Amino acid sequence: MRAWVPLLAVALACPVAAAEDDVRALTLREVLDLGLAYNLGLKSARVDALIARLDVDAAGAAWDPTLTSEVGGGESLSPSRSQLAGADVVDVDNFNFVLGLTKPLRLGPSLGLTWRADRTFTNSSFSTINPAYDTALELSLTVPLLRGRGRHVQEAALRASRAGAESARWALVEEATALVEEIHAAFWNLRYLEGRVAVLEKSLQVAVDIEAAERRKLEPDIGRSTRLDVTKTEAETKRREAALIQGRREAADAADDLRRLVLPFTGEGDDRVVLKAVGAPDPEFSVPALGPLVEAALARRPDLARTDADLRRLEEEVVQAEDALRMQLDLVSGVSWRGVGADVEDSAGDTLAGDTPSASAALNLTWTFGRRAARAALRRAELQVERARIDRREQVNGIVVEVRKAFRGVEAARLEIEATDGEGRAAAEALEGERQRLALPRTGVKQMKC
């Protein structure tokens, strides 16, 4: 960024003490740099892109390992119902500790590792180990057989989030492109209106000169004009004065429009800072052929790329809806080792020795009758994809028509510039001829006497 940018920003942030407007002359390149750095709409689009990127991180967290723990305990008193209870009132004091780690896999299965430690104290005389420490190490594996099976389904939400982030990124590019286009239009509009003000000032001066010449011709020694001619020239002067006032107001409005795009108003006196456009357009500009323009627009338009990203996100939602329509059938298996002892060390040693393995397996089925909600969600997702594809075709048609219109507009503007240049040269020659005519002395009787 150029050195003048922070200086200008500081000046705009501080109240202006001068009574007159502080005019800052900027080129198109400098105005574009300011707009890309300070435009509020572009800043908002940048924040949206960052938020969408956070959604990708959140979707990727589905496969992060989860650590859980549980600590609990209690005491229970139970009246004895048998002499085998070992006491008239059985008192059991429990303390439980559980530590578990779960790791989902992108293919669908989920691994679990759990460590349990229980301490039990009782007043029963039949308890051979008192207090008793019971520890267990459990390893489990849960495999989805229908719903949630496979990496394609598991990563659908992540792919949808990535498509959303890409859409937000293209929205940022689209916002920047639109901003550059607006700045170009506002800059050259201001440049045109400033030039128009200069022309109107010269036009007013010419009208004043013509009015003065007509007034001189009212003098008796000239006698080439009437009061009606003077009134007409005076009315023309007033008309051009009003046009100049209107032109200055339009130029001031255009300066505010440009200022709004490149630097926001703070309301702290910086309203006295006025931007002035300097520079001229490239006279060597040439219009390329229509065919390459259309191809470039379809390949590089950020709004079309954003639509494609949104379409991919909707297609991933269809994958998720199809998966949700399947029944839930999971294979749950596990293996565990247990140990019991009078202290924690003995119990944990027996557990880790692996002398008492246990294995289990089960099928868990969950079925929702009708599944109307899942069917409706799938149909809705499919219709959204179909509508997005139709909208994309319509968008392509609009882009082609827009490029064709712009091509014809540029070509017409080029021809109009050539015609205006010729008209301007003719008007300048006519004005010079009129000035020369007014400067000629009158021929006639009075001139002969002289």
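Note that this is a predicted model, so its numbers are computed, not measured. Computed from heavy atoms alone, side chains included, the values below leave out hydrogens, waters and symmetry copies.
More than 12 non-hydrogen atoms from other residues, nucleotides or ligands lie less than 6.0 angstrom from CZ of Arg46. By the 6.0 Å contact criterion, CZ on Arg338 is open, its count of non-hydrogen atoms from other residues, nucleotides or ligands being 12 or less. Sparse packing is recorded around NZ of Lys238, with 12 or fewer heavy atoms of other residues, nucleotides or ligands lying under 6.0 Å away. Residue Arg53 places its CZ atom among 12 or fewer non-hydrogen atoms of other residues, nucleotides or ligands, all under 6.0 Å distant. Within 6.0 Å of the CZ atom in Arg149, the count of heavy atoms belonging to other residues, nucleotides or ligands does not exceed 12.
Annotation: the span from Asp310 atom CG to Glu166 atom CD amounts to 9.5 Å, rounded to 0.5 Å. Taking CG of Leu325 as the start and CD of Glu322 as the end, the distance is 8.5 Å to the nearest 0.5 Å. The structure places CG of Leu261 at 6.0 Å from CD1 of Ile183, a figure rounded to the nearest 0.5 Å. The distance from atom CD of Glu250 to atom CG of Leu190, rounded to the nearest 0.5 Å, is 12.0 Å. Rounding to the nearest 0.5 Å gives a distance of 9.0 Å between CG of Asp118 and OG1 of Thr135. Atom CG of Leu311 and atom CZ of Arg389 lie 6.0 Å apart (nearest 0.5 Å).
For the pair Gly148 and Gln154, the tightest heavy-atom approach, listed with the atom from each and the gap, is O-NE2, 2.7 Å. Across all their heavy atoms, Leu293 and Phe407 have their closest contact at CD1-CD1, 3.8 Å. Here the closest heavy-atom approach between residue Leu244 and residue Val197 is recorded as CD1-O, 3.8 Å. Taking both residues in full, the closest heavy atoms of Ala49 and Leu172 are given as CB-CD2, 4.5 Å, listed atom of the first, atom of the second, then distance. Across all non-hydrogen atoms, the minimal contact from Leu314 to Ala388 is CD1-CB, 3.7 Å. The shortest non-hydrogen separation linking Ala277 to Phe187 is CB-CE1, 3.4 Å.
Electrostatic pairing of Arg239 and Glu236 counts as a salt bridge here, judged by a charged N lying under 4.0 Å from a carboxylate O. Asp308 has no carboxylate O lying under 4.0 Å from a charged side-chain N of Arg312, or vice versa, which leaves the two without a salt bridge. Salt-bridge check for Arg249 with Asp253: passed, with a basic side-chain N closer than 4.0 Å to an acidic carboxylate O. The pair Glu201-Arg248 meets the salt-bridge criterion, since a charged nitrogen lies less than 4.0 angstrom from a carboxylate oxygen. A salt bridge is absent between Arg306 and Asp303; no separation between the charged side-chain nitrogens and carboxylate oxygens falls under 4.0 Å. Salt-bridge formation is not detected for the pair Arg24/Glu30: no Lys NZ or Arg NE/NH1/NH2 atom is positioned less than 4.0 Å from an Asp or Glu carboxylate oxygen. Under a 4.0 Å N-O distance rule, the pair Glu317/Arg313 qualifies as a salt bridge.
Leu141 pairs with exactly one of Leu105, Val335, Leu331, Leu111 by the side-chain contact (heavy atoms from CB on, under 4.5 Å) rule, that one being Leu111.
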Stepwise salt bridge (Lys or Arg N to Asp or Glu O under 4.0 Å) test for Asp256 and Arg259: CA-CA 5 Å; Asp256 280 350; Arg259 169 70 189 279; over 6 Å; no
Asp257/Glu182 under side chain to side chain contact (heavy atoms under 4.5 Å, CB included): CA gap, chis, key distance, verdict: CA-CA 10 Å; Asp257 291 338; Glu182 286 187 74; over 6 Å; no
Trace of the side chain to side chain contact (heavy atoms under 4.5 Å, CB included) decision for Leu28 with Trp188: CA-CA 9 Å; Leu28 177 60; Trp188 293 118; 4.0 Å; yes
Full working for side chain to side chain contact (heavy atoms under 4.5 Å, CB included) between Trp367 and Gln328: CA-CA 7 Å; Trp367 174 265; Gln328 185 77 39; over 6 Å; no
Step-by-step salt bridge (Lys or Arg N to Asp or Glu O under 4.0 Å) determination, Glu402 to Lys405: CA-CA 5 Å; Glu402 183 180 343; Lys405 288 183 177 180; over 6 Å; no
Criterion side chain to side chain contact (heavy atoms under 4.5 Å, CB included) on Val56 and Leu158, from CA distance to verdict: CA-CA 6 Å; Val56 177; Leu158 178 60; 4.1 Å; yes
Test side chain to side chain donor-acceptor pair (under 3.5 Å) applied to Glu316 and Gln320, step by step: CA-CA 6 Å; Glu316 295 301 334; Gln320 297 178 69; over 6 Å; no
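Using a 4.5 Å heavy-atom cutoff, the side chains of Leu26 and Val262 are not in contact. No side-chain heavy atom of Asn96 sits less than 4.5 Å from a side-chain heavy atom of Val71. Between Thr68 and Thr102, every side-chain heavy-atom pair lies at or beyond the 4.5 Å cut-off. Using a 4.5 Å heavy-atom threshold, the side chains of Asp64 and Thr66 count as separate. Using a 4.5 Å heavy-atom threshold, the side chains of His152 and Val319 count as touching. Between Leu36 and Val180 there is a side-chain heavy-atom pair separated by less than 4.5 Å. Side chains of Val385 and Glu382 form no contact here, defined as non-hydrogen atoms less than 4.5 Å apart. A 4.5 Å side-chain heavy-atom check between Leu263 and Leu275 finds every atom pair outside the cut-off.
Judged by distance alone, the side chain of Asp330 and the main-chain N or O of Val332 form no donor-acceptor pair under 3.5 Å. Side-chain N or O atoms of Ser167 include none that pairs as donor or acceptor with a backbone N or O of Ala163 at under 3.5 Å.
For the 3.5 Å distance criterion, the side chains of Arg240 and Ser203 qualify, holding a donor opposite an acceptor. With hydrogens and angles left out, the side-chain atoms of Asp209 and Gln205 include a donor and acceptor closer than 3.5 Å.
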